[in-house]
Each structure stands twice: as structure tokens, then as C-alpha cells.
Asks: 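Once you've had a glance at the structure underneath, I'll fire off some questions.
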Amino acid sequence: MRGFMERGNMWTILAGAITGLVGATYLGIKYWSPWIKYDLQFFWTVIFNYLIPMSKDIKRGRLPINRFEETVKKHRDKTMLVYDNKTFTYNEGNARSNKFANAALSLGLERGDVVAIVLANEPDFIWTFLGLQKIGVQMAFINFNLRNESLVHVIKVAEPKMIFISRDTDLQNPVSEILQELHGIPVYHFGESRDSNFIPMDSIIERSSNENVGEDIRKCIRMKDNSLYIYTSGTTGLPKAAYIPNEKLVKGAWSMAIQNLCQDDIVYTALPLYHSSASLIALGNVLRTGATLVLKKKFSASRFISDCREHNVTVVHYVGELLRYVAATPPSSSDTNHCIRCAFGNGLRKDVWKIMLERFKIPHIYEFYAATEMPVGLANINNIVGAVGRMSPLLKFSLPCEFVLYDKENEDVLRNKNGLCVLAPLESSGLLLIKLDERRRLTFEGYKGKESERKKKLVFNVIRHGDCYINTGDAFTRDKDYFVYFSDRLGDTFRWKGENVSTTEVANILMELELVSDICVYGVRIGENEGKAGMAALTLQTQPENLSLKVEQLNSIAEHCVKQLPAYARPRFIRVVKEFIYTSTFKQSKLKLKEEGYDLNKVTSPVYFLDCKENNYKQMTPEIQKDIDSGKIKM
């Protein structure tokens with residue numbers, strides 16, 4: 001959605017759009033391709049609503065903060081933010097952010113400096129975000145759930161001049177614990193603090209002016225200059241700080257134009273603002289249009305519909321896990337008593353998608369695919385259940401990309417005899433590669449302090465010798481109408497018995513069992529065996545205190561696996577967990593589960609192994625574990 005980049009000036013784009021429309025119509029008539037109608041809708045919606053105005057802002061150097069100040073002039077007394085039963089108008093929001101900008105200047109911050117902010121979903125985050133943009137100071141959005149080594153890492157890698165921290169003591173405490181490792185970086189706190197090493201910020205802000213700072217401070221800021229550091233989710237290791245230049249802020253702030261977002265909309269989000277989806281897209285589009293943001297610090301599935309009804313929410317921002325929680329709530333006669341016209345987000349399962357459409361009567365769902373560090377994304381504007389977007393032969397002229405076959409065993413793309421990548425056919429899973437193209441402003445900034453990680457993301461000699469593409473790390477399938485469906489995150493697959501196993505596929509099948517509440521599937525190594533065997537961690541609808549499974553439950557799982565999964569894909573090990581660890585974007589973190597594996601020295605709850613001869617699951621003992629590790633018991 002955010003990714004269809006500038007291709008030149010406005011007239012070039014317009015000419016390209018008209019050419020595309022004419023070409024699409026011609027191709028449709030000549031070859032009678034049913035999918036052409038979707039291309040026509042795409043060109044009309046995306047190019048005219050999004051691409052042209054977004055490109056115009058980039059060409060003119062109109063920063064999102066300039067857009068916000070224009071919005072303030074138009075909608076001074078309109079509600080900008082609703083938070084915890086408090087409301088703030090655009091005029092109040094601008095005044096508060098001005099106070100913060102002037103306070104930051106008084107602290108000696110200058111354009112180009114970096115500040116690490118440790119803030120939750122709270123008004124202070126927004127005033128800080130806007131205030132520092134006003135003076136051209138970069139921000140590092142810190143995930144406040146991190147602790148110890150991870151927290152030290154994400155702060156230090158950004159090389160901040162200072163740290164601003166929440167008034168919430170639960171967020172202050174982790175920073176206090178690592179303060180000595182930060183080597184003198186000053187920490188300023190909002191509200192009260194029990195740490196005498198922290199410096200109070202409220203008094204500095206209170207005595208600062210609420211007048212706009214001079215725009216001359218920002219006159220030298222370019223679109224390619226970095227504005228933020230937003231961190232990757234860290235599902236497999238320490239988070240990396242992705243560069244977010246001003247240009248990407250502009251693209252994010254226009255992305256919801258394809259949903260016709262306007263000043264009359266009220267947007268709901270409970271996702272963390274330190275993630276790009278909430279800050280760059282949800283907040284960015286609200287500030288551009290003059291809409292209203294309903295910001296929740298914590299998400300409540302049971303109160304979701306009533307919250308939306310209370311605040312007359314028209315647009316919902318989601319990740320799949322949140323709506324899955326909503327779908328699991330007991331049906332109510334008030335499920336459809338709301339004003340929601342659409343929802344936008346990613347990671348929505350097909351079964352939950354259908355529940356949102358049918359039970360809750362949310363008329364349109366805009367599922368998108370994007371990654372913080374990627375220059376582009378996809379969006380499903382057609383309400384096709386399960387799709388994250390489209391990529392037809394015609395659309396590839398706007399977004400040059402390829403879906404290629406991938407060798408999961410060697411963790412590399414498959415190549416033909418000429419050394420070029422092998423394209424994935426329709427209906428087959430293919431790794432998405434995005435072409436680097438300066439003409440279309442398709443660039444990849446990479447990660448701060450991690451140039452080697454940037455190089456790992458690049459794939460050369462894809463279609464022609466000498467070309468260069470970005471490896472998204474994600475695989476997709478495409479149907480006959482070129483709708484794109486997320487298949488798997490390649491790091492989440494494993495190879496067993498000479499076959500590739502999709503963790504997503506196995507998880508979806510096991511989720512069909514009534515006893516299962518949630519599931520996480522991953523690969524674990526067994527002794528000297530080649531590849532990895534499947535292991536599934538479960539939470540149950542009725543969770544036992546000792547995290548054990550009954551014989552009938554084990555039999556039910558085994559029977560279902562035999563019925564639904566090929567032999568190589570059946571999990572070799574099963575365990576029950578009390579709860580899963582999630583990243584800030586509500587993705588399951590598999591790192592700890594993979595490290596523990598089936599090792600009874602690390603796992604305190606029962607582990608069950610698959611008796612391949614009898615096709616049922618049995619509880620593992622230390623003796624059995626030794627026999628499995630040695631190969632005496634064949635898995």
C-alpha cells in the first residue's frame with residue numbers, strides 16, 4: 001500500500017496512468033483476461049487517490065509536519081485525539097507539541113540529533129513525535145517491552161543524545177536497571193520518578209513557549225534525510241534499527257487515501273505507536289486529513305465493539321491477532337451496532353476475516369503487506385478474503401518485483417543453468433523480491449550500524465545479469481486473477497525427511513481441533529538427523545494446571561494429523577504452554593521455544609513425542625529422550 005513510488009513529476013504519472021488504463025482495456029479486449037477489471041480499479045484508486053498527491057508532496061519537499069500545521073489552520077477546534085476519556089483539539093495538540101519543540105531546543109537539541117523515546121500509547125508520545133519533527137530531530141522508537149541486554153542494544157545502536165521516558169513507572173524501571181550501561185546518556189522523564197538520576201521534563205515544557213517554531217529550522221531538511229529509527233520485531237534475535245527517511249513518512253501519511261480517509265473519519269488503534277503501522281500509517285493519515293484518532297493504551301476484545309460504538313469509530317486499525325480475540329468473544333445482539341465502515345491491517349486469518357464480515361458486518365477489510373524496512377508494500381483494495389494485494393503483469397510496470405523459487409535447505413534462491421533466478425508459477429509459493437530502482441525511488445536504506453545486514457537482504461542477477469533486488473524474506477502464492485496471498489515467512493519453515501514443511505500450514509490445520517486455543521509451530525534439531533523436526537506448542541481451550549494432555553486429547557491430535565497432514569509434516573513433539581510470548585506487533589516469538597526444544601532439562605512441563613510406528617503421541621522420559629537423541633528411536 002505504501003509502496004507505489006514516485007515515477008517522476010505529476011504529468012509523467014498522469015500520462016502513465018492514462019496509458020495504463022488504455023493498455024489495460026486493450027489487453028482485456030484482445031485477450032479477454034478477466035483480471036483486467038481489477039487492474040482498472042487499481043489504477044483508478046491507487047494512482048489518482050494515492051500516487052499522484054503523494055508524489056506531489058515529495059517533489060515539493062512538503063514534510064508531514066508541514067502538512068500537520070496546515071491541518072491545524074483548517075481544523076483548529078476539531079477533535080484530534082481521544083485518549084482515556086480525554087479529548088484534545090488540533091489547536092491544543094499543536095500548542096503542546098510546540099511547547100515540546102521549544103523545550104527540546106532549550107536542552108540544546110539541534111537538527112540531526114537523535115533522541116530515544118521510551119513511551120507507551122499516550123498523548124506524550126504524539127506531542128514528542130510532532131515536537132521533534134518541528135525542529136528536525138531524529139527519534140528512535142524504543143519498544144518498552146524490552147529488558148536488559150535487548151534494551152541496552154536498541155538504545156545504544158541509535159547513538160542518542162538523550163532519552164525521553166514515560167511517566168509510567170513500569171516503563172521507567174527497566175531503564176533504571178540498565179542506566180550504568182548507557183554511559184552517561186541523560187534521561188528525561190515525564191511525570192514523577194523514583195530514580196534520582198532522571199531529570200524532570202514537565203517543568204521544562206511548562207515554561208516553554210506554545211508558539212510555532214520558525215519554519216527556517218526545517219528549510220534544509222531533505223526527503224532523503226533520516227527522520228526515525230524503527231526497529232524490526234526481533235522474532236529471531238536482537239532488533240535492528242531500520243532507517244526511516246522523511247520520504248517514507250510522506251508515503252505512510254498518504255497510504256490510507258486508497259480507503260478515502262477524510263476529516264470526518266474516526267480511526268481506532270490499540271497497536272503500539274513505536275511501530276510503523278500505528279505511527280506512520282494510522283497517526284500519519286489522521287494528522288494529514290484532519291480526522292480523529294481514538295488511541296487505546298491496551299486492547300480489550302470484550303470492549304472492542306462498545307468502544308467503537310461509544311466513539312463513533314469509522315475505521316479500525318488491526319493486526320490479525322487482535323481481531324482473532326474479538327472473534328472469540330461470545331456472540332451478542334450488539335455485534336453489528338457500530339459505525340465501522342472499514343478495517344485496515346495485516347495478518348488476518350481467513351476464518352477470522354469471514355467472521356468480521358458476516359458476524360460483525362464490517363463491510364470492507366483492507367489487508368496489506370508491508371515491512372518497516374522495505375520501500376514498498378501491497379494492499380488488497382478489492383475485499384478478496386485472504387489476499388494481501390495483487391500483482392499482475394501490468395501492475396509490475398508500476399512496482400517491479402518478482403516471485404521466485406527458493407531452496408529452503410540451502411536458504412537461497414533457486415537458479416537456472418544461466419545463474420538467474422527461477423520464477424515461481426501461479427498457484428506456487430514464491431519468495432517476493434523487489435527491484436532496486438532509483439528512477440522509481442525504490443531504495444533500501446537498511447539498518448543503522450548493520451551494513452552487513454543490509455547486504456544480506458540484496459539478491460543479484462535475478463532476471464538479468466547485474467540487476468539487484470531486495471529479499472523480503474516472505475513467500476506468497478498468486479491465483480489466476482493475480483491476487484497475492486501470504487504463504488510463509490521463510491525463516492519459519494523447516495526441512496524434514498527431504499521435504500519442506502510450512503509452519504503456517506501445520507498451525508492452521510491443528511487449529512481446527514476444538515481443544516486447541518492457540519498454537520506455535522517450529523523446527524527443532526534431533527541429534528545428527530538432517531534438517532529439523534516439527535514441534536508444536538499449544539495453549540488449550542481448557543488449560544490444565546500441570547500443562548499436561550490427557551490420553552484422549554493426544555489421540556485426537558494424532559488422528560487429526562494422520563488425516564490432514566503428510567507424514568513428514570506431522571509434529572514429532574508436542575508440549576502445552578501457559579501462554580505465548582509476543583512481539584510488539586503481536587507476532588509469536590519462537591526464539592525461546594526453539595532454544596528449549598524437547599529438552600527435558602529445559603522444559604519443566606510434559607513433552608510428548610510421536611511414536612511413528614503406532615502413530616500416536618506418548619509422554620517422553622529422560623531415557624526416551626536419550627534414545628531419540630542417539631537415533632535408537634527413529635523419528
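Throughout, residue positions are numbered sequentially from 1 according to the sequence presented. None of the values given here were measured: they were computed from a predicted structure.
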Asks: Ring centroids only, cut at 6.0 angstrom: are Phe164 and Phe100 within range, meaning strictly under it?
Replies: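 Ring centroids of Phe164 and Phe100 are less than 6.0 Å from each other.
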Asks: Check the angle between the aromatic planes of Phe129 and Phe125 and answer parallel, tilted or perpendicular using the 30° and 60° thresholds.
Replies: tilted
Asks: Could you work out, with side chain to side chain donor-acceptor pair (under 3.5 Å) as the rule, every residue matching Thr314, not counting sequence neighbours?
Replies: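 Applying side chain to side chain donor-acceptor pair (under 3.5 Å) to Thr314 gives Asp265.
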Asks: With sequence neighbours excluded, give me every side-chain hydrogen bond (donor to acceptor under 3.5 Å, both in side chains) pair touching residues 113-125.
Replies: Asp113-Lys161, Glu122-Ser166, Asp124-Arg167
Asks: Side chains of Thr329 and Ser302: is there a donor and an acceptor less than 3.5 Å apart?
Replies: no
Asks: Side chains of Asn260 and Asn49 only: does a donor on one sit below 3.5 Å from an acceptor on the other?
Replies: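 Their side chains do contain a donor-acceptor pair, which is all the 3.5 Å distance test asks for.
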Asks: Whether Lys78 engages the ring of Tyr90 as a cation-pi pair (distance to the six-membered ring centre under 6.0 angstrom, angle to the ring normal within 45°) should be assessed.
Replies: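 Verdict for Tyr90: no cation-pi partner in Lys78.
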Asks: Applying ring pair (Phe, Tyr, Trp, His ring centres under 6.0 Å) to Tyr268 and Phe304, what does each step give before you reach the verdict?
Replies: CA-CA 10 Å; Tyr268 170 102; Phe304 171 71; 5.4 Å; yes
Asks: Determine the interplanar angle of the Phe144 and Tyr274 rings, folded into 0 to 90°, and report it as parallel if under 30°, tilted if 30 to 60°, perpendicular if over 60°.
Replies: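 If you compare the ring of Phe144 with that of Tyr274, the planes turn out perpendicular.
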Asks: My understanding is that only one of Val286, Leu119, Leu81 makes a side-chain contact (heavy atoms from CB on, under 4.5 Å) with Ile126; could you say which?
Replies: Leu81
Asks: Given Tyr243, which partner from the list Tyr231, Phe444, Tyr229, Tyr447 fulfils the ring-ring contact (aromatic ring centres under 6.0 Å, His included) test?
Replies: Tyr229
Asks: Sort out for me which residue in Asn380, Ile281, Leu378, Ile381 forms a side-chain contact (heavy atoms from CB on, under 4.5 Å) with Phe368.
Replies: Ile281
